[in-house]
Each structure stands twice: as structure tokens, then as C-alpha cells.
Amino acid sequence: MIRCGNRDELSARAAATTRSEKLDLRLTPAAKSTLQRAAAAAQRSVSEFVLESALERADEALIERRRFGLDGAQWQSFLSALDAPTRHHPRLERLLQEPGLFDDAPTS
């Protein structure tokens, strides 16, 4: 598991700004009890515990979209693809010459 910050950093980030947004969720009594016990074990309120946990999970989910790892052979292949000359795509060139949907239409 990739850790993007320690719990103190997440707690500080969660508390750094005034909370003006609300998020409601429905859960089973068992899930609520589990969250309450976990929050108590972490010496946090349920809101703090859930927010910190959700932010940590969000960071983990997003880091996968920001970074990727390659071994040496993959890296060389990637660099070769970047350095390769562009290919000629006549249909794409024609499409890019056409006015776009949001371009100003010619006025009469």
C-alpha cells in the first residue's frame, strides 16, 4: 500500500480549513458500530476518523492516476515511442481543419 502522508498530516489537512460541506451516507448498524469502535480506538471522533480514512483512501486511489512505474526495458520503450517521428493521419488532419462545435459560426 502506498502511503501519501501520515495520520497527523491527514488530520491537519482535514482540519486546516473551515468545513462548509456536508456528506451524508447510509450504513448498516453493524457498519456504524465498527466505525464507532475504530474511531474510539484511534481516539478520534467518528467524523474525524471517517474523514481521515476517506482522504487517505482517496489519495491512494488518485496516486495511481498520477504516477506509474516502469522497469528499464519498459522505460527505454517508452522513450523510444516519445522520440519516434509522428505518423501521418489524413483523416485526423481533415477533422482538425473543420470548425468545432463551439467555434463561432460564420455570420451572414
Side-chain angles (χ1 to χ4, degrees):
M1 180 184 335
I2 298 171
R3 294 267 185 213
C4 295
N6 65 34
R7 193 154 304 277
D8 292 334
E9 289 171 352
L10 290 170
S11 181
R13 187 174 77 183
T17 59
T18 303
R19 297 181 191 172
S20 62
E21 299 297 316
K22 185 174 180 176
L23 178 66
D24 293 318
L25 50 116
R26 302 244 181 246
L27 52 141
T28 65
K32 182 177 181 180
S33 177
T34 299
L35 289 173
Q36 289 171 328
R37 288 193 322 272
Q43 299 180 338
R44 302 268 195 258
S45 71
V46 174
S47 289
E48 288 172 327
F49 180 81
V50 169
L51 180 58
E52 290 170 8
S53 299
L55 288 172
E56 183 176 341
R57 181 62 187 101
D59 282 344
E60 290 172 4
L62 294 173
I63 194 73
E64 295 172 3
R65 296 183 178 269
R66 291 189 294 241
R67 294 181 181 241
F68 59 94
L70 303 173
D71 64 27
Q74 292 171 322
W75 178 250
Q76 287 305 317
S77 179
F78 178 69
L79 289 179
S80 294
L82 290 176
D83 292 337
T86 58
R87 295 185 309 195
H88 182 67
H89 296 281
R91 289 175 33 190
L92 181 59
E93 289 175 13
R94 279 195 310 272
L95 176 65
L96 293 175
Q97 296 302 317
E98 295 177 7
L101 180 63
F102 296 106
D103 290 340
D104 291 332
T107 55
S108 332

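Note that the structure is a prediction, hence the values are computed from the model and not measured. When reading the values below, keep in mind they use all heavy atoms of this one structure, side chains included, and skip hydrogens, waters and symmetry mates.
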Exercise for review: Test Arg57 against Ser53 for side-chain hydrogen bond (donor to acceptor under 3.5 Å, both in side chains), laying out the working first.
Suggested key: CA-CA 6 Å; Arg57 181 62 187 101; Ser53 299; over 6 Å; no
Point to revise | Point-to-point distance, once rounded to the nearest 0.5 Å, from CZ of Arg37 to CZ of Phe49 | key: 11.0 Å
Point to revise | Asp24 side chain reached by Lys22 side chain, heavy atoms, under 4.5 Å | key: yes
Exercise for review: Can you measure from NZ (Lys32) to CG (Leu25) and round to the nearest 0.5 angstrom?
Suggested key: 10.5 Å
Practice item. Just grab all the side-chain hydrogen bond (donor to acceptor under 3.5 Å, both in side chains) pairs involving residues 70-90, residues at least two apart or on different chains. Key: His88-Glu93
Review point. Same cluster or not: are Leu23 and Leu27 linked, directly or through other Ile, Leu, Val, Met, Phe, Trp or Tyr residues, by side-chain heavy atoms under 4.5 angstrom apart?
Key: no
Practice item. For the residue pair Arg19 and Leu51, establish whether any side-chain heavy-atom pair is separated by less than 4.5 Å. Key: yes
Review point. Do Leu70 and Leu79 share a hydrophobic cluster, counting only Ile, Leu, Val, Met, Phe, Trp and Tyr and linking them when any side-chain heavy atoms are less than 4.5 Å apart?
Key: yes
Revision key, fill the gap. dist Leu35:CG -> Arg44:CZ (nearest 0.5 Å) comes out at 15.0 Å
Check your understanding: side-chain contact (heavy atoms from CB on, under 4.5 Å) with Arg94: which residues, sequence neighbours excluded?
Key -> Pro90, Arg91
Point to revise | Set of residues satisfying side-chain contact (heavy atoms from CB on, under 4.5 Å) with respect to Thr28, sequence neighbours excluded | key: Ala30, Ala31
Check your understanding: Does Glu98 reach the side chain of Leu95, with side-chain heavy atoms less than 4.5 Å apart?
Key -> yes
